Amino acid sequence: MALVLTVAQQKGGAGKSTLAANLAVALAEGGGRVALLDADPQRTLARWHALRPATAAALRFDAPSGWRLTGALDRLRREVEFVVVDTPPHAETDSRIAIRGADLVLVPLQPSLPDLWASEATLALAEAEKRPHRLVLNRLPPSGRLRDVVLEELARRKAPVMAESLGNRTAFGTAFALGLGVTEAAPRGTAAEEVRALASSLRRFKA
Ligand SMILES: Nc1ncnc2c1ncn2[C@@H]1O[C@H](COP(=O)(O)OP(=O)(O)O)[C@@H](O)[C@H]1O
Ligand SMILES: [Mg+2]
């Protein structure tokens, strides 16, 4: 049975599509069967996937809208090892369906208070649907006052946060523009190292 990872966050620009694409690629490294589903009508990942070179690791890709997502998940659960779902930037029907179908909801969070506040609706939705969820800190600076403030606030709230985080790295945008993940475009870079660490930690959620 596949592990279904839904990437959700009502705030646009938080890094949902970046995280979904890069995780799917990293989880597929070594030949794992991975499906990537784009449930965002903006079709960011559909366009990214269309750019993928023929030599890149194969991903099962689909862009099912609305209730078709539930059927696609049911089918893929039996056929692949990991399903990664990207969702639109709001907490409405499409996100709810994707969250409901998740084994684990990943909520990318940039370290700022507006982003933290915006994540509350997504975390509440995951809680309402009784789905396990984790925040993934994205564009996290290595040090600084804002980092400290946000990390302290997350600790105070006892928010579920993945220990692995992603820094603010141009490699993400560069790889994306080529239809690649950072582990493919710059496999020795820091961004690739971070994505691999996150992917290997997520593998442990697979029963
Ligand atoms: N860790 C990162 N470092 C640098 N740029 C990033 C990072 N994560 C996302 N971005 C950039 O931020 C922008 C928004 O990211 P995106 O994944 O499209 O967000 P969302 O899907 O949540 O709207 C994109 O230009 C992307 O390249
Ligand atoms: Mg997106």
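Counting starts at 1 for both ligands and their atoms, in listed order. Worth saying up front: this structure is predicted, and the values here are computed from it rather than measured.
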Heavy-atom side-chain proximity of F82 to R203 below 4.5 angstrom: yes
Using the test ring pair (Phe, Tyr, Trp, His ring centres under 6.0 Å), find all partners of H49 that sit at least two apart in sequence or belong to another chain. F61
Which residue is it: E29, E193, R196? I am looking for the one with a side chain to side chain donor-acceptor pair (under 3.5 Å) to T183. E29
Within-cut-off N or O pair, G12 and ligand 1, under 3.5 Å: no
Listing protein N, O or S under 2.8 Å around the Mg ion (ligand 2) gives S17 OG
Quick note on ligand 1: atoms under 4.0 Å from a heavy atom of F172 include exactly 1 (N), 2 (C), 3 (N)
Heteroatom proximity flag, T170 to ligand 1, N/O under 3.5 Å: no
Hey, are E152 and R156 close enough for a salt bridge, meaning a charged N less than 4.0 Å from a carboxylate O? no
From atom 25 (O) of ligand 1, is the closest protein heavy-atom distance below 4.0 Å? no
Closest to atom 23 (O) of ligand 1 among protein heavy atoms sits G13 N, 2.7 Å
Kindly say whether S95 contributes a backbone atom to a donor-acceptor pair with the side chain of Q10 at under 3.5 angstrom? no
Looking at ligand 1, is there an atom of it that comes within less than 4.0 Å of some heavy atom belonging to G167? yes
for atom 27 (O) of ligand 1, nearest protein heavy atom and its distance come out as G173 CA, 4.0 Å
All N/O donor-acceptor pairs, side-chain side in residues 66-77, below 3.5 Å, sequence neighbours left out:
{"residue": "R77", "atom": "NH1", "partner": "D103", "partner atom": "OD1", "Å": "3.4"}
{"residue": "R77", "atom": "NH1", "partner": "D103", "partner atom": "OD2", "Å": "3.2"}
{"residue": "R77", "atom": "NH2", "partner": "G101", "partner atom": "O", "Å": "2.7"}

Just so I know, are the side chains of D86 and V84 near enough to count as touching, which here means a heavy-atom distance under 4.5 Å? no
Under a 3.5 Å distance rule, please check whether K206 uses its side chain to pair with a backbone N or O of M1 as donor and acceptor. yes
For atom 19 (O) of ligand 1, closest protein heavy-atom neighbour: G15 N, 3.0 Å
Determine the minimum heavy-atom distance between G181 and R52, stating which atoms define it. N-NH1, 4.3 Å
For residues V105 and L125, determine if any side-chain heavy atom of one lies less than 4.5 Å from a side-chain heavy atom of the other. no
Provide, to 0.1 Å, the distance between atom 5 (N) of ligand 1 and the closest protein heavy atom, together with that atom's residue and name. R139 NH2, 3.0 Å
Determine whether a donor-acceptor pair (N or O, by modelled atom type, separation under 3.5 Å) exists between the side chain of N138 and the backbone of A14. yes
Sub-4.0 Å heavy-atom approach of P89 to ligand 1: no
Using a 4.0 Å heavy-atom threshold (strictly under), name the region of R169 that reaches ligand 1: side chain, backbone, both or neither. backbone
From atom 1 (N) of ligand 1, work out which of L166, V7, N138 has a heavy atom at the shortest distance. N138
Please name all residues satisfying side-chain contact (heavy atoms from CB on, under 4.5 Å) with E129, sequence neighbours left out, ordered by chain then number. R96, I99, R100, R131
Quick test: of every protein heavy atom, which one is nearest to atom 18 (O) of ligand 1, and how far off is it to 0.1 Å? S17 CB, 4.1 Å
So if you build clusters from Ile, Leu, Val, Met, Phe, Trp, Tyr with side-chain heavy-atom gaps below 4.5 Å, do F172 and M162 land together? yes
Would you mind checking which non-hydrogen protein atom is closest to atom 16 (P) of ligand 1, with the distance to 0.1 Å? T18 OG1, 3.6 Å
